[in-house]
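Just so we're on the same page: letters track the sequence lines, and every chain starts at 1. As the structure is a computational prediction, the values presented were derived from the model and not from experiment.
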Amino acid sequence: MTPNDAPNALPAGTDFIRTVVAEDMKTGKWGGKVVTRFPPEPNGPATLGQAKAIGIDFGIAEEFGGECHLRMDDTNPEREEEEYVEAIKEDIRWLGYDWGEHFYYASDYFDQMHRYAVELIRQGKAFVCDLSADQVREYRGTLTEPGRESPYRNRSIEENLDLFERMRLGEFENGSRTLRAKIDMASGNVNMRDPIMYRIVKVAHHRQGDKWCIYPSYDWAHGIEDSIEGITHSLCSLEFQDHRPLYDWFLDQLGVHHPRQYEFSRLNLTYTVMSTRRFRVMVEQGLVSGWDDPRLSTLRGLRRRGYTPEALRDFCRRIGVAKTDSMVDYAFLEHCLREDLNKRAPRVMAVLNPLRVVVENYPEGQVEEMEAINNPEDPEGGGTRKVSFSRVLYIERDDFMEDPPKKFFRLAPGREVRLRYAYFIQCEKAIKDENTGEIVELRCTYDPETKGGNAPDGRKVKATLHWVSADHALPAEVRLFSHLFTRENPLDVGPDEDWKDSVDPNSIETLTGCRVEPSLKNAQAEDRFQFERLGYFCVDPDSTPERLVFNRTVTLRDDWAKIQSSQKK
RNA sequence: UGCCGGGUGGUGUAAUGGUAACACGCCUGGUUCUGGCCCAGGUAUUGAGGGUUCGAGCCCUUCCCCGGCAGCCA
């Protein structure tokens with residue numbers, strides 16, 4: 001499935017950005033071209049929040065026949081690492097997007113940025129400031145009061161040129177001087193109060209080595225990066241709205257190609273956080289097992305969990321693009337996922353919490369091969385497989401109740417149910433552990449006439465259970481996950497609380513005694529299945545043929561669970 | 001007390017002066033060899049006032065509420 005033939009496709013040009021792009025294409029504003037870019041800072045692998053941006057940046061370029069550049073925004077040598085460059089590329093490729101030849105590093109433009117900076121100094125629009133970081137903050141004023149001009153603001157062009165060159169040469173200490181744009185210390189927009197263009201950071205750059213000891217700030221660098229690459233529509237999130245006047249100012253002073261910046265609201269999802277910064281904290285503090293922890297909303301976490309790139313793309317498209325701050329319901333993400341997995345995931349039978357069942361009237365030693373459909377959503381294409389039936393089976397513990405409440409349709413003493421693709425069985429007796437009272441085994445009888453699952457006399461059963469044959473089933477470990485945070489909005493905390501407070505240490509539950517059908521023997525990492533009646537599961541990279549390991553990606557919708565919880569009330 | 005942005009069902013989006021729509025969620029019911037899928041139905045919406053207009057979610061106006069901004073981060 002490609003994004004274009006996805007169900008519920010939105011008409012093109014619906015959101016405000018696509019409207020602008022469509023209009024620009026019509027008027028020929030950019031010569032009939034659209035060039036976007038996705039500019040991540042390589043400080044961690046890609047997140048679901050970034051997937052939204054990726055979907056917009058690459059998606060719009062694709063839809064309008066343009067191109068989207070992938071650009072590593074590596075202007076801060078203290079925070080960025082090469083390993084994340086590869087990680088991000090891999091994440092984007094996995095999502096299904098392609099930047100073609102257009103892979104760039106902001107650091108490749110350092111020379112040009114430096115020349116432009118010198119040009120601004122020559123124009124008298126930038127100056128070297130000797131104020132310390134604390135002093136700069138003081139002079140900047142507050143949100144409601146104007147700032148004061150730096151005492152170094154009126155240095156001569158010659159002196160600025162000299163000082164800036166000596167900054168570059170490494171003559172001054174970290175933080176001792178900056179290059180600042182000369183704009184307006186009284187501006188209501190704090191970003192315009194003589195913003196810093198260059199800071200001294202004597203740290204080697206992951207690509208430039210020790211060539212530089214001055215590094216450009218985001219505001220100075222970003223517009224130039226966009227300009228050099230011939231970007232037409234520079235799309236970013238809402239928090240950069242206040243920076244747009246500055247983006248425009250720099251490009252106007254330089255008189256160079258001037259893309260337009262448009263901002264959209266970033267993705268927020270219930271029961272999780274989205275920023276690389278916070279994920280890093282969780283990884284470093286061991287709150288999660290790593291960047292690919294299946295509970296984490298990193299792309300690699302979601303991937304390990306079993307999310308498909310198609311579902312993620314569909315989700316990103318369906319949440320839309322707007323400027324409203326929003327909080328998307330996690331259930332919607334799960335809906336998109338189930339919709340995709342329902343169509344493609346092969347069905348298999350697996351028992352998570354086994355309860356032994358002995359079919360007393362079934363001949364000892366006999367084995368029958370039952371034919372099972374691999375995917376009822378695609379009966380022909382999906383084909384069938386054989387599952388072994390024998391005298392001793394396992395069913396799910398939850399599928400039996402000794403004293404069932406109303407609306408419990410499954411197995412109970414004296415009750416008859418169907419075993420999927422096999423026979424009707426009736427429960428004769430529940431055997432309990434003498435000491436604990438725990439039910440350890442069920443004694444049942446089967447009706448030989450019901451082979452294949454239908455009774456010749458037309459009698460019906462109210463439930464069909466999944467099962468595995470005790471002698472044939474494979475042992476497996478299954479990891480169940482719930483929301484990483486207990487709070488709907490983890491960031492919505494009081495003054496004495498921390499966003500990490502609602503991290504749920506019980507959000508992972510490992511089941512080791514599971515039994516799965518033999519067809520799963522050669523399942524490979526990232527293979528996805530529907531365990532019938534339970535949910536979608538994905539083979540974890542930890543899995544080996546001897547010890548299969550599955551992650552529960554998402555449960556099936558479960559009406560019985562809803563009935564149960566309403567019965568409790 | 002500054003600047004910028006935003007308010008449409010519980011949630012996310014649409015409606016470009018002309019019947020407020022779609023999806024998720026939730027609730028009913030049907031169907032079913034998955035209490036899945038599918039099908040049918042239901043639920044609930046323009047922040048407030050004033051104005052312009054035959055007609056306003058949309059235009060004007062006053063107000064209210066929410067978010068962002070005071071890194072040598074991005």
Next item on the list: Applying salt bridge (Lys or Arg N to Asp or Glu O under 4.0 Å), name anything that partners A:Arg415, two or more places apart in sequence or on another chain.
Entry: none
Notebook entry, point to check: If you look at every strand shown and take non-hydrogen atoms under 4.0 Å, does A:Glu263 touch a base, only sugar-phosphate, or nothing?
Noted result: nothing
Margin query: Using atom P in both nucleotides, what's the gap between B:A21 and B:U43 to the nearest angstrom?
Written below: 12 Å
Notebook entry, point to check: Could you state the NE2-P distance from A:His335 to B:C24, rounded to the nearest angstrom?
Noted result: 5 Å
Item checked: Bracket string, RNA chain B, 5' to 3' - pairs by Watson-Crick or G-U geometry under 3.5 Å, | interstrand -> .((((((..((((....[..))))((((((.......))))))...(((((..]....))))))))))).....
Next item on the list: Tell me what A:Tyr215 touches on the nucleic acid: a base, only sugar-phosphate, or nothing, going by heavy atoms under 4.0 Å.
Entry: nothing
Notebook entry, point to check: What nucleic acid atoms does A:Asn454 come within less than 4.0 Å of, heavy atoms only: base, sugar-phosphate, or nothing?
Noted result: base
Notebook entry, point to check: Across the strands shown, which category fits A:Glu41 at heavy-atom distances under 4.0 angstrom: base, sugar-phosphate, nothing?
Noted result: sugar-phosphate
Next item on the list: Could you tell me whether A:Pro376 contacts a base, only the sugar-phosphate backbone, or nothing, with contacts defined as non-hydrogen atoms closer than 4.0 Å?
Entry: base
Item checked: Side-chain N,O (A:Arg318) to OP1/OP2 (B:C22) below 4.0 Å -> no
Detail all sub-3.5 Å separations between protein N/O atoms and N/O atoms belonging to nucleotides 1-7 of chain B.
{"unit_1": "B:G2", "atom_1": "N9", "unit_2": "A:Leu143", "atom_2": "O", "d": "3.2"}
{"unit_1": "B:G2", "atom_1": "N2", "unit_2": "A:Gly188", "atom_2": "O", "d": "3.3"}
{"unit_1": "B:G2", "atom_1": "N3", "unit_2": "A:Leu143", "atom_2": "O", "d": "2.8"}
{"unit_1": "B:C3", "atom_1": "O4'", "unit_2": "A:Gly188", "atom_2": "O", "d": "3.4"}
{"unit_1": "B:G5", "atom_1": "O2'", "unit_2": "A:Gln241", "atom_2": "OE1", "d": "3.3"}

Check: In whole angstroms, how far is the C1' atom of B:G67 from the CE atom of A:Met327?
Finding: 12 Å
Checklist line | Ring-face cation contact, A:Tyr139 with A:Arg148, 6.0 Å cut, 45° max | finding: yes
Next item on the list: Please name the pair of heavy atoms, one in A:Leu48 and one in A:Met274, separated by the smallest distance, quoted to 0.1 Å.
Entry: CD2-CE, 3.9 Å
Check: With sequence neighbours left out, what residues match A:Glu239 under salt bridge (Lys or Arg N to Asp or Glu O under 4.0 Å)?
Finding: A:Arg266
Check: Minimum heavy-atom separation for A:Asp194 to A:Ile183, with atom names?
Finding: OD1-N, 2.7 Å
Item checked: A:Ile17 CD1 - B:U13 P separation (whole Å) -> 13 Å
Note to self: Classify A:Arg79 by what it touches in the nucleic acid, base, sugar-phosphate, or nothing, heavy-atom distance under 4.0 Å.
What the structure shows: base
Margin query: Applying a 4.0 Å non-hydrogen cut-off, can you work out what A:Asn342 is touching in the nucleic acid: base, sugar-phosphate, or nothing?
Written below: base
Next item on the list: Mind listing the residues from residues 194-201 of chain A sitting with a heavy atom below 4.0 Å of RNA chain B? Number order is fine.
Entry: A:Ile196, A:Arg199
Next item on the list: Return yes if a side-chain donor-acceptor contact under 3.5 Å exists between A:Gln261 and A:Glu263, otherwise no.
Entry: yes
Notebook entry, point to check: Tell me: CZ of A:Arg344 to P of B:C37, nearest whole Å?
Noted result: 18 Å
Notebook entry, point to check: A:Phe16 has an atom CZ; how far is it from atom C1' of B:C58, in whole Å?
Noted result: 18 Å
Next item on the list: Look at A:Arg193 and B:A70 and indicate whether a side-chain polar atom (N or O) is within less than 4.0 Å of OP1 or OP2.
Entry: no
Margin query: Does B:G71 have its OP1 or OP2 closer than 4.0 Å to a side-chain nitrogen or oxygen of A:Arg137?
Written below: yes
Next item on the list: Indicate, with a heavy-atom threshold strictly under 4.0 Å, whether A:His222 touches base, sugar-phosphate, or nothing.
Entry: nothing
Item checked: Protein-nucleotide distance (A:Arg180, atom CZ; B:C72, atom C1'), rounded to Å -> 10 Å
Next item on the list: Please determine if a side-chain N or O atom of A:Lys562 lies less than 4.0 Å away from the OP1 or OP2 oxygen of B:G35.
Entry: no
Next item on the list: Determine, for A:Trp467 and A:Arg420, whether the Lys NZ or Arg CZ falls below 6.0 Å from the six-membered ring centre while staying within 45 degrees of the axis.
Entry: no
Check: In whole Å, what is the span from the CG atom of A:Asn489 to the P atom of B:G12?
Finding: 12 Å
Notebook entry, point to check: Which part of the nucleic acid, if any, lies within reach of A:Phe332 when heavy atoms closer than 4.0 Å are counted: base, sugar-phosphate only, or nothing?
Noted result: sugar-phosphate
Margin query: Is A:Arg71 close enough to B:A74 that one of its side-chain N or O atoms is under 4.0 Å from OP1 or OP2 there?
Written below: no
Next item on the list: Using only heavy-atom distances, decide whether a donor-acceptor pair under 3.5 angstrom links the side-chain of A:Arg347 to the base of B:U34.
Entry: yes
Next item on the list: Kindly assign one of parallel, tilted or perpendicular to the pair A:Tyr271 and A:His483, based on the angle between their ring planes and the thresholds 30° and 60°.
Entry: parallel
Notebook entry, point to check: For the ring pair A:Tyr330 and A:His335, is the centre-to-centre distance below 6.0 Å?
Noted result: no
Note to self: Does A:Phe264 reach a base, just sugar-phosphate, or nothing at all? Heavy atoms under 4.0 Å.
What the structure shows: nothing
Notebook entry, point to check: Can the positive tip of A:Arg199 be found less than 6.0 Å from the middle of the six-membered ring of A:Tyr215, inside 45° of the ring normal?
Noted result: no
Note to self: So A:Leu131, base contact, sugar-phosphate only, or nothing? Heavy-atom distance under 4.0 Å.
What the structure shows: base
Notebook entry, point to check: If you look at every strand shown and take non-hydrogen atoms under 4.0 Å, does A:Lys462 touch a base, only sugar-phosphate, or nothing?
Noted result: nothing
Item checked: Partner of A:Glu310 by salt bridge (Lys or Arg N to Asp or Glu O under 4.0 Å), out of A:Arg317, A:Arg344, A:Lys343, A:Arg528 -> A:Arg344
Next item on the list: Would you indicate what A:Arg557 reaches in the nucleic acid, counting non-hydrogen atoms under 4.0 angstrom: base, sugar-phosphate, or nothing?
Entry: sugar-phosphate
Notebook entry, point to check: Got a sec, which residues hit side chain to side chain contact (heavy atoms under 4.5 Å, CB included) with A:Leu251, two or more places apart in sequence or on another chain?
Noted result: A:Ser227, A:Tyr247, A:Val256, A:His258, A:Pro259
Notebook entry, point to check: Base, sugar-phosphate, or nothing for A:Thr178, non-hydrogen atoms under 4.0 angstrom?
Noted result: base
Check: Between A:Asp226 and A:Ser234, which heavy-atom pair has the shortest distance, and what is it?
Finding: OD2-OG, 2.6 Å
Next item on the list: Using the six-membered ring of A:Phe172, assess whether NZ or CZ of A:Arg177 lies under 6.0 Å from its centre and within 45 degrees of the ring axis.
Entry: yes
